[in-house]
Amino acid sequence: MQRSHAQLSTPEMAMHAPQGGLLVAIKATLKRDLTLMLRRRGEVLNPLVFFALVITLFPIGISPDPELLASIAPGLFWVAALLAALLSLDSLFRSDYDDGSLEQLLLAPQPLAALGLAKVAVHWLLTGLPLALMAPLLGIMLSLPAGSYAVLALSLALGTASLSLIGAIGAALTVGLARGGVLLSLLVLPLYIPVLIFGAGAVQAAIFGEGIAAHLAILGALLALALMLAPWAIAASLRISING
Amino acid sequence: MSLCLQARQLACERDDRWLFEGLDLDIQSGEIVRIEGPNGSGKTTLLKILSGQLTDYRGELYWNGEPMRQAREHFLANLLYLGHAPGVKAGLSPLENLAWYQALSGEKGSEPAREAALAAVGLAGFEDVPAGQLSAGQQRRVALARLTLTPRALWVLDEPFTAIDRQGVAALEAQLVAHAQSGGCVLVTTHHALTESPVLRRIQLG
Amino acid sequence: MWAFINKLRSPKWFYAISAKLQPLFWVAATLLLLVGTVWGLAFAPADYQQGNSFRIIYVHVPAAFLAQSIFVSMAVSGLVFMVWKIKVADMAATVMAPLGAAMTFVALFSGAVWGVPTWGTWWMWDARLTSMLILLFLYLGVIALRGAFSSRDSGSCRVGAGHGRRHQYPHHQVLCRLVLYPSPACHFHDYRALCHDHGHVGTAAHHGIGLLQFFYCPHADAHAQRNSPSRSQQALGA
């Protein structure tokens, strides 16, 4: 703590002009969140285990008949993935809120929307993407016809990115509330419906051997829209949550 | 260029009660301004307003003569705020914590500089221990290391002495005075008795 | 004119004037409700095809109208609040939500009651029904969020933000009464919209009313077709 004594003779302190460095900040945020999540492996694995479990429940609860399973599989996968993504969303900003680093994030001289987007990207990388990669494996268990596996994974990868973005708005809105979990799902689930319709539609089209391009294109369009608007909504919601 | 934070007719209401009303403030370089008042008198709220976090107040804020709304970016680039919570991630080491904070302000920084800052707050040897395993006082010191690490003109510190031992308090006090004397400016709340010094000014709330 | 709008945005003035107007609106609402109900349920001629069951439209259509237009109004006042920081807009959005939710429920319920004699079922996953159900959930989400925030904020500093201070202003529901029951005059147009099974004459208008409807309906339609049993059986049987 001796350093500043040396500056006693200079009565004026240099002011900083707002500078760039956005990329540095984004990179550091990505790295920080990835490191944090990878140090708590359990939290990364939980949504995946949940996904596999829910998928396993249906053949037990409904019927092990392969034909029936194949016909309802697209919807099942999408509903299960949607719930798994939702479950993990509550913690997206929660720990940052608890230890005060969210407050600091809001005071950073960088655009909050960009930093929020970095956090959402990490969420997708560790939840949506693994879900998409895991789905074909479970597809075998539900006797999904061959040829629809790639579409299943692709539609989930595209769709869960939108889910992460939309869900982050809800997570940001409820982060200041003591028990925001149920409220979060109440807010976010209705907004998930378009993604669900086109995601399940893509897989169904693949099963029926129809064109899938339209469904995937709309999923992509939804993602583009979410990428454009959600970061601003997340930033605004965080400000409302923290500062009222 | 010297810094100057002004508030004009600042007022804030909480649950139909005015915390403060018609508050005029002029905070210049070379000053330590201590906000005083009993619990619940709105010290933290005032600091949050003055650090640009809360926006639902009445009155006007000026940064170097410009309305805060327009000067916000410049203001944030020169502000260092430490709140009640230290903002230290339990899962990251002190070094990693500091690296993120440096990057947030757009600087890459260097590992030796961060180690030096940690050594300056008495955390040499703890650089790579997960912050969750440090004591409350040590975690607070990690946050305080940012004062040395990132040179900012305006420090806004909410109860910075919490959980700090006696030597640490003396060192931090000296650091505050030195910052003011070198042209910086400190806004602080504390229940700790600060030694009288020509740069110290008090503002009474409540 | 501009001065008048400026005055309206101050909560104090707004509450003063709305307190004075409230009795008037109460009278108007009671009268219109009475006239509309009696006229619709007793005097209007029975439908040549559906008999007396069609009378549900005197409840169903205004409720559905309100459910959707209140949602749009909430969106607009939310925007107004965010852009111009007009507190009255936020308060308006707060009080609109429960009313909108109630109207959505009434529309859903009356629709189900009408569906029994006409379609022979209480519920089907038709595009319009599904989107109304989602609308209801959206309303409930908004209400829950408001509730959670106002219970949290009873301890934090906010200068006159709308929620959490409602106890101060008991007249806040005044404006909503005004729109509680639009006159049954609009029923003619919507009568056709109501008869879903006779074709889609009124659907364009119906779709256009709510942004939400606009968004969900075409998709849900596509979804419903895709899931139609005949098609699935074809595909699986082949």
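The chains referred to below are lettered A, B, ... by the order of the sequence lines, with proteins before strands, and numbering in each begins at 1.
Using a 4.5 Å cut-off between heavy atoms, B/L147 does not touch chain A at all. Of the atoms belonging to B/Y101, it is side-chain heavy atoms, and not backbone ones, that fall under 4.5 Å from chain A. Looking at B/E96, the atoms closer than 4.5 Å to chain A (heavy atoms on both sides) all sit in the side chain, from C-beta outward. At a 4.5 Å heavy-atom cutoff, the contact between B/K89 and chain A is made by backbone and side-chain atoms alike. Proximity to chain A is limited to the backbone of B/S93, based on heavy atoms less than 4.5 angstrom apart.
Between A/P109 and B/L104, the closest heavy-atom pair is CD-O, 3.8 Å. The shortest heavy-atom contact between B/A85 and A/G100 is CB-CA, 3.7 Å.
Two residues are said to be in side-chain contact when any heavy atoms from C-beta on lie closer than 4.5 Å; B/H84 and A/E103 fail this criterion. Considering only heavy atoms from C-beta on, A/D99 stays 4.5 Å or farther from B/V88 through its side chain. In this structure, A/V24 and B/E107 have side chains that are not in contact, with every pair of non-hydrogen atoms separated by 4.5 Å or more.
A distance-only check finds no donor-acceptor pair linking the side chain of B/Q53 to the backbone of A/R239 [under 3.5 Å].
The contact list for residues 30-52 of chain A toward chain B, using heavy atoms and a distance under 4.5 Å, reads A/R32, A/T35, A/L36, A/R39 by residue number.
For the set A/L102, A/D98, A/T29, A/L106, the entry with the most heavy-atom pairs within less than 4.5 Å of chain B is A/T29.
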